[in-house]
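Here the structure is laid out as structure tokens; the discussion comes afterwards.
Lettering follows sequence order; numbering is per chain, from 1.
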2 protein chains.
Amino acid sequence: MKLEVQIKMNPSLYLRDPEQSELGKNIINYSIQLIQKNGFEAFTFKKLAEAIGTTEAGVYRYFENKHKLLVYILSWYWGWLQFQIHYQTNNITDPIVKLTMVIKILATNVEDDIMTSHVDESLLHQILIVEGTKAFLTNHVDKDNKQKLFKPYKDLCNMVSDIILECNPTYKYPHSLSSTIIEIAHLQIFFMYNLPSLTDFNKTDKEDQILAYLNHLVFSSINK
Amino acid sequence: MKLEVQIKMNPSLYLRDPEQSELGKNIINYSIQLIQKNGFEAFTFKKLAEAIGTTEAGVYRYFENKHKLLVYILSWYWGWLQFQIHYQTNNITDPIVKLTMVIKILATNVEDDIMTSHVDESLLHQILIVEGTKAFLTNHVDKDNKQKLFKPYKDLCNMVSDIILECNPTYKYPHSLSSTIIEIAHLQIFFMYNLPSLTDFNKTDKEDQILAYLNHLVFSSINK
DNA sequence: TATTTATGATAGTAATACTATTATTTAAAA
DNA sequence: TTTTAAATAATAGTATTACTATCATAAATA
């Protein structure tokens, strides 16, 4: 028997559930490929439709617009990250070790997860790095937030926040530190590859250096 | 005699220097207003031209496209921030006090600077918070970087980096910490107003709490 | 005064972001 | 098995965006 992880998606994100049909699954898969390859700005429903072999109208039956589709795939990944953290820190008792594991999950490139055969997590991770903040840095963030589109992100943040509090119950900024870890992990990776003078990481052992930086930042902060 | 601060802009950003004409200055001013009000995605050269009372083609004579215009106004603000830091930390000898001042400049809302009569820094600060990362989170970041479009941002980062090293010459991640401070200052402000559950700040004394968080994060980190 | 230069007015194109219509296929219900 | 409903394909069309091109005119400069 094959175990499959199912991540429950907010129905406000789609018009028709993409997980319920072949076309829907294609839309998700090819979106991930195209957004990762050319960036979100260059991504259009027309190009997507051509890649899949369907028509623009076909895509519009599933998603209202490309922003909702972006938030859909990001939500999926936020949910998957939450599951990963839960799964991989399950048997760890020491909260320090737990938090170290969390940082590693957030900041290092993932290998493709066999429990979700239909999605390539490695590509999603790269999308999160470059396009993640575009989910909420819009003028309709309020409207989207009221529709609970960022709940998976908040859940993830809360989960990390709880682990921080396990390490130090008196630490005053667990939520801010959580969102800081998540966002800085992505930004430092982006800078490292694209604007390296904004970082202190040299060409060798890049991921380890990012981890070292994040660990230093986080643990100096909570052990005060 | 009136002192005016001049910020030198990279000529690759524009086709015709907007500071050399009334129309050019209008383009900058109205862009700032419109981008702040409606967000960068909703901003178009047509709407800008209508607001100014010129034509679309008129705007295109100054800027190749709206991305370059965004980077132009962000560069201006990065340059202005660098000047502010220089100016306001000039007579401070204690590097800790200096760095505290830097954090304050980066993270609190600025009052309009009388030395730059033609630009509203408060609006620019709000633009930097929401649109700042969009300057480089593109698929043409490499091309832009080769044209030195991010030099003002890097200069700012280096300046902060140097102050960090003054505080602790053995600290290993001065550049990463600089870019972290800059970006987290903006993100936490954005979260505080739009997605508050990603922070630990309540409705009173918001700015002070952000400052407290950033100071705690930075100084725990470099005093190790 | 002649000439360059900036602007205004207008037109036009290709691509984007959609909506609508109809025919056809596929799947579910009767 | 037939009927019906639902999903898809094919096509067309609209408004807006992101530009480029042309030409006339006004202002600045030589």
* Asked: What residues form a side-chain hydrogen bond (donor to acceptor under 3.5 Å, both in side chains) with S197(A), not counting sequence neighbours?
  ->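 Residues passing side-chain hydrogen bond (donor to acceptor under 3.5 Å, both in side chains) with S197(A): none at all.
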
* Asked: Considering all heavy atoms of both residues, which atom of S179(B) and which atom of Q188(A) are nearest to each other, and what is their separation?
  ->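 Shortest heavy-atom separation between S179(B) and Q188(A) comes out as OG-NE2, 3.0 Å.
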
* Nearest non-hydrogen partners of K206(A) and N202(A), listed with the distance ->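 Distance-wise, the nearest heavy atoms are CG-O, 3.5 Å.
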
* Structure fact -> With sugar-phosphate taken as primed atoms, P, OP1 and OP2 and all else as base, the protein-contact string of nucleotides 9-28 of chain C at under 4.0 Å (heavy atoms; B, S, -) is -B-----SBBBB--------

Set of residues satisfying side-chain contact (heavy atoms from CB on, under 4.5 Å) with respect to [X], sequence neighbours excluded:
X: H67(B); answer: N65(B), V71(B), T138(B), H140(B), D144(B)
X: M9(A); answer: I7(A), L13(A), Y14(A), E19(A), Y72(A), S75(A), W76(A)
X: D208(B); answer: D205(B)
X: A185(A); answer: A107(A), L214(A)

* So, do Y77(B) and V119(B) sit near enough that their side-chain heavy atoms are less than 4.5 Å apart? ->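 Side-chain contact under 4.5 Å: no.
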
* Can you list, by residue number, the residues of residues 28-38 of chain A that have a non-hydrogen atom closer than 4.0 angstrom to DNA chain C? ->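 Per residue number, the list is empty: none.
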
Identify each donor-acceptor pair in which a side-chain atom of residues 46-63 of chain A lies under 3.5 Å from a protein atom, sequence neighbours left out, and give them as a table.
| from | atom 1 | to | atom 2 | distance (Å) |
| --- | --- | --- | --- | --- |
| K47(A) | NZ | A42(A) | O | 2.6 |
| T55(A) | OG1 | G58(A) | N | 3.4 |
| Y62(A) | OH | S21(A) | OG | 2.5 |

* Looking at the rings of F191(A) and F136(B), which for Trp means the six-membered one, are their centres under 6.0 Å apart? ->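 Ring centres of F136(B) and F191(A) closer than 6.0 Å.
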
All N/O pairs under 3.5 Å across the protein-nucleotides 3-5 of chain C interface:
none

Donor-acceptor pairs under 3.5 angstrom involving side-chain atoms of residues 22-31 of chain B: please list them, not counting sequence neighbours.
| from | atom 1 | to | atom 2 | distance (Å) |
| --- | --- | --- | --- | --- |
| N29(B) | ND2 | K25(B) | O | 3.3 |
| N29(B) | ND2 | H118(B) | O | 3.4 |
| S31(B) | OG | I27(B) | O | 2.5 |

* **Range on DNA chain D touched by chain A - first to last nucleotide, heavy-atom distance under 4.0 Å** =>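 It runs dA7(D) to dT11(D).
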
* Is the shortest side-chain N/O distance from Y62(B) to OP1 or OP2 of dT7(C) below 4.0 Å? ->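 True: Y62(B) side-chain N/O within range (under 4.0 Å) of dT7(C) OP1/OP2.
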
Using a 3.5 Å cut-off and no angle test, enumerate the donor-acceptor pairs between side-chain atoms of residues 123-132 of chain B and protein atoms at least two apart in sequence or in another chain.
| from | atom 1 | to | atom 2 | distance (Å) |
| --- | --- | --- | --- | --- |
| H125(B) | ND1 | N109(B) | OD1 | 3.3 |
| E131(B) | OE1 | K134(B) | NZ | 2.6 |
| E131(B) | OE2 | F40(B) | N | 3.2 |

